[in-house]
Amino acid sequence: MRSTPLLLAMWVGCQPGPVPPEFWPCGLQPDEGVVIRRVRCSADLLESGSGAGADLWMASPYLRAVLRHPSAAHTRTDIGGGTLLDAAPWGSDDVLFEAIPMVEGGWLSDIEQIVVGDRVVLRGQIRAIPGLPPPTSSGERVVRWRMSAEGPWIRVEGADALLLHPRSPASRDGDRLYVDDVTIAGSLLEDLGGAVIYDAQSPLLIAPTDEAMDWLHPEGVPISGHAPEARHLELWSQDRRIARVPLVDEDFALRAPAEVDRVRATGSGRAPSPFVAPREGLDLQVGPRGGVQVRPLWTGRPRAFRVQHQGQVLSGARTLPEDGGTVWTGPGSVRLTIEGEHYEVEVPVDVRPRLQVSLQGSEWPRAKVSWDVAGDRDLTRRASNHSALRGAGVDFAVLTATFDISTGAGSSDDALRWQAGARLVTDQGFPVVAWPMSRQERRPAGGLPSITGSSLEEVLALLQAERRAVVVPLQGLDRLPAPWATWPHPTHVALEAPVHDPVAAWGAYWDWLDAGRPIYPLGPVAWVEVPSASVIHTIEVATGLLRGHLVGGSGPDLWLEVGGARPGELLQESLTPDEEPHSGTITLIAPEEAEELILIADGVAVGQWFVDDRPDQVLIPRGTRWVVAALWTPGGGPWAVTAPIWLRSPASASDEPRRSSPRPPR
């Protein structure tokens with residue numbers, strides 16, 4: 001048996017005719033024609049790809065690719081395979097996460113797959129693609145994959161469109177996607193942010209970027225030259241930029257569309273080169289770099305801080321160490337905003353001036369958090385643009401888009417931190433928001449399994465088994481079985497503005513606290529305690545959310561302390577009925593027009609004041625288990641509520657809740 005591979009190789013090498021595809025050596029680039037066979041060894045698999053032994057390997061002199069086996073797609077496990085899983089020019093890593101053909105708006109299931117010459121033929125039944133509108137018709141369809149032997153092209157016949165997820169990071173310019181040093185081009189129908197939809201009537205180009213324009217515009221204008229320190233070559237027609245091509249190195253040679261009448265080079269943090277007419281032998285020189293030296297003069301505790309810079313050439317944000325540093329922005333003038341204290345200074349940056357600022361630490365370091373929001377897709381960077389959230393002062397967001405952003409996509413402004421999540425609707429009609437408690441291997445639907453149509457109890461059990469933070473609406477808590485008989489339980493509850501008395505409006509939440517369930521309140525936003533307000537880190541915000549160091553609401557911020565314990569914490573020395581009442585401190589940081597302040601202990605109001613008349617100290621009755629503070633405005637106006645402070649361990653709660661006094665009806 002050990003001599004079989006050697007004998008087979010000798011037989012292949014001695015044949016006068018072409019090698020049968022099934023015997024084609026692993027990972028070998030064909031000189032001509034197209035080879036299609038099963039994946040046989042690791043050399044067939046693309047670097048960074050997702051192919052496996054059950055998949056099909058396709059290769060031409062220009063491209064190599066892997067087609068998914070028929071059972072299930074990679075990104076949409078509810079439908080069939082037969083999808084383009086990996087693809088790249090020879091010598092490059094994989095540039096696809098997956099490309100799924102679309103037939104009548106859906107894709108196939110129950111697929112039969114056969115190889116006929118240079119084609120892969122798929123036959124199956126049309127099914128909906130999760131996350132997209134339902135297909136316009138049903139029934140059986142036949143689709144064929146073809147790889148060209150004459151160039152870096154792949155075509156899918158019998159399909160209407162191609163839903164393509166590029167590897168991340170990827171950028172788009174017109175109909176072209178750029179992934180590392182590879183260009184993907186087709187006829188664009190729609191940009192979904194992370195994924196794109198191409199017209200299947202046009203072939204898909206996958207080629208090295210420095211060759212792609214030659215294939216796309218064989219009759220175009222030849223352009224070549226040298227552009228040191230540049231990152232892109234811009235092709236213009238009159239006053240319209242028609243292409244922005246990444247430069248693989250300083251020397252370039254390509255063909256531009258015939259309508260191009262001027263070109264220039266651009267570089268990060270530099271002024272662009274002057275416009276010149278398209279020709280060969282160009283020398284494009286971008287401008288010099290410019291910077292601002294920021295040296296803080298601390299009046300409080302030294303700490304790292306962020307500097308937002310907005311200039312004529314380059315804008316962005318950078319975290320600087322506590323002793324400062326240089327922000328490179330390109331020549332011209334720039335406005336600097338130093339976060340935390342919001343200093344704004346406009347300075348020229350061509351001479352690198354020294355900017356002296358004074359920063360003072362905040363007594364209440366807080367992060368403003370939002371969740372249950374869909375990512376505002378940045379169609380240029382293939383990421384999520386959170387300018388609207390940033391404008392509202394949000395530091396951290398849990399994105400719950402129903403359609404996946406491309407793998408690894410992040411905020412287009414990294415001053416705003418985020419975690420991927422998902423918003424699901426149970427068969428009882430209750431929305432459930434969930435996000436990872438820790439980073440795990442990415443899966444469809446923001447890392448969550450497909451649970452559409454499940455009951456609220458089934459959703460809870462599945463998500464808690466997956467170690468997810470889970471938010472349910474107040475009505476959902478009320479519909480679950482008795483809290484003392486429910487496990488697992490949600491981690492957070494989404495409250496709504498109380499129109500009348502919050503004690504009555506949020507009564508279902510008090511039942512769960514009385515049962516010893518540490519569930520934390522959320523509203524449209526939350527304020528979460530963090531170590532520093534200047535540098536917001538994802539792990540610190542996520543930890544504060546999970547531990548309940550927060551106040552939920554519509555925007556107002558307040559804080560409650562009892563004996564040194566903060567919201568979400570347990571008082572170190574438990575109270576007994578014989579001890580004196582404990583005192584607490586309530587701090588309003590940003591009341592935002594809220595009218596009344598209320599102290600709630602064990603589900604009963606033990607103190608209520610107008611905001612302007614609030615006391616500095618409040619008394620908490622003896623024997624109290626938990627206490628919260630709340631702001632509210634009659635009629636459904638601004639509101640906030642802290643997470644509970646536990647004066648007794650939640651585990652010490654009895655099997656059923658008790659009341660120290662009757663609760664108003666709800």
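Quick note: numbers below take in every heavy atom, side chains included, and nothing from hydrogens, waters or symmetry partners.
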### Task
Given side-chain contact (heavy atoms from CB on, under 4.5 Å), test L164 with L177 step by step and report yes or no.
CA-CA 10 Å; L164 188 146; L177 293 171; 3.7 Å; yes
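- Interatomic distance, CD1 of I129 versus CH2 of W107, reported as 8.5 Å (0.5 Å rounding).
- Pairing each heavy atom of T183 with each of A212, the nearest pair is CB-CB, 3.6 Å.
- Between R37 and D44, at least one side-chain nitrogen of the basic residue sits less than 4.0 Å from a carboxylate oxygen of the acidic one, meeting the salt-bridge criterion.
- Counting non-hydrogen atoms of other residues, nucleotides and ligands closer than 6.0 Å to CD of E219 gives a total of 12 or fewer.
- Once rounded to the nearest 0.5 Å, the distance linking CD of E211 with CG of L205 reads 10.0 Å.
- Taking the ring centroids of W371 and H492, they lie at or beyond the 6.0 Å cut-off.
- L188 contributes atom CG, which lies 11.0 Å from atom CZ of R176 (distance to the nearest 0.5 angstrom).
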### Query
What do the steps show when you test I206 against I154 for side-chain contact (heavy atoms from CB on, under 4.5 Å), and what is the final call?
CA-CA 8 Å; I206 303 176; I154 296 177; 4.3 Å; yes
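- Looking only at distances, a side-chain donor or acceptor of R167 sits under 3.5 Å from a matching main-chain atom of L96.
- Salt bridge status for D173 with R241: present, with a side-chain N to carboxylate O gap under 4.0 Å.
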### Task
Output, in order, the C-alpha distance, side-chain angles, deciding distance and verdict of side-chain contact (heavy atoms from CB on, under 4.5 Å) for D55 and L67.
CA-CA 6 Å; D55 299 328; L67 288 183; over 6 Å; no
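- Of all non-hydrogen atoms in A128 and I79, the two that sit nearest each other are O-CG2, 3.1 Å.
- Side-chain contact check for S60 versus M147: some heavy-atom pair is nearer than 4.5 Å.
- Within a 6.0 Å sphere centred on CD of E280, heavy atoms belonging to other residues, nucleotides or ligands number more than 12.
- Between the S148 side chain and the E150 main chain, a donor and an acceptor come within less than 3.5 Å of each other.
- Side-chain contact between M213 and P257 is present, with heavy atoms from C-beta onward closer than 4.5 Å.
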### Task
Just do the side-chain contact (heavy atoms from CB on, under 4.5 Å) check on I242 and E259 with the steps written out, would you?
CA-CA 9 Å; I242 61 176; E259 65 266 31; 3.8 Å; yes
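- At least one donor-acceptor pair closer than 3.5 Å links the side chain of S273 to the backbone N or O of A265.
- Within the cation-pi definition used here (under 6.0 Å to the ring centroid, within 45° of the axis), R64 qualifies as a partner of W90.
- Here the closest non-hydrogen pair linking P30 and W24 is CA-CZ2, 3.7 Å.
- If you take CG on L108 and CD1 on I100, they are separated by 11.0 Å, rounding to the nearest 0.5 Å.
- When side chains are defined from C-beta on, H74 counts as touching F97, because their heavy atoms get closer than 4.5 Å.
- Taking each heavy atom of Q113 and P70 in turn, the nearest pair found is CB-CG, 3.7 Å.
- Residues I184 and Y198 approach most closely at O-OH, 3.7 Å, considering heavy atoms.
- Residues L204 and L162 have side chains in contact (heavy-atom distance under 4.5 Å, counting atoms from C-beta outward).
- R155 contributes a side-chain N or O that, together with a main-chain N or O of Q201, makes up a donor-acceptor pair within less than 3.5 Å.
- S224 places a side-chain N or O within donor-acceptor distance of the main-chain N or O of G281, the cut-off being under 3.5 Å.
- Side chains of V182 and P208 form no contact here, defined as non-hydrogen atoms less than 4.5 Å apart.
- Under the 3.5 Å distance criterion, the side-chain polar atoms of D199 are left unmatched by any main-chain donor or acceptor of L189.
- The side-chain heavy atoms of V34 and I36, taken from C-beta on, include a pair separated by under 4.5 Å.
- Judged purely by atom type and a 3.5 angstrom limit, W435 has no side-chain atom pairing as donor or acceptor with the backbone of A542.
- Proximity of L56 to V115: side-chain heavy atoms (C-beta onward) are separated by under 4.5 Å at one or more points.
- Between the side chain of D86 and the backbone N or O of G51 there is at least one donor-acceptor pair closer than 3.5 Å.
- Salt-bridge formation is not detected for the pair E98/R68: no Lys NZ or Arg NE/NH1/NH2 atom is positioned less than 4.0 Å from an Asp or Glu carboxylate oxygen.
- Using a 4.5 Å cut-off on side-chain heavy atoms (C-beta onward), L122 and R144 make no contact.
- No donor-acceptor pair under 3.5 Å is formed between the side chain of D94 and the backbone N or O of E47.
- Using modelled atom types, one finds no donor on one side chain facing an acceptor on the other under 3.5 Å when comparing H226 with D283.
- To the nearest 0.5 Å, atom CD1 of residue I126 and atom OG of residue S138 are 7.0 Å apart.
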### Task
Evaluate the criterion salt bridge (Lys or Arg N to Asp or Glu O under 4.0 Å) for residue pair R127 and D110; output intermediate values, then yes/no.
CA-CA 10 Å; R127 295 288 185 269; D110 305 321; 3.8 Å; yes
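- Put simply, the side chain of H69 gets close to the backbone of S71: a donor and an acceptor are under 3.5 Å apart.
- Residue T266 holds its OG1 atom at 9.0 Å from CZ of R231, rounded to the nearest 0.5 Å.
- Nearest heavy atoms, D181 versus S92: OD1-OG, 3.9 Å.
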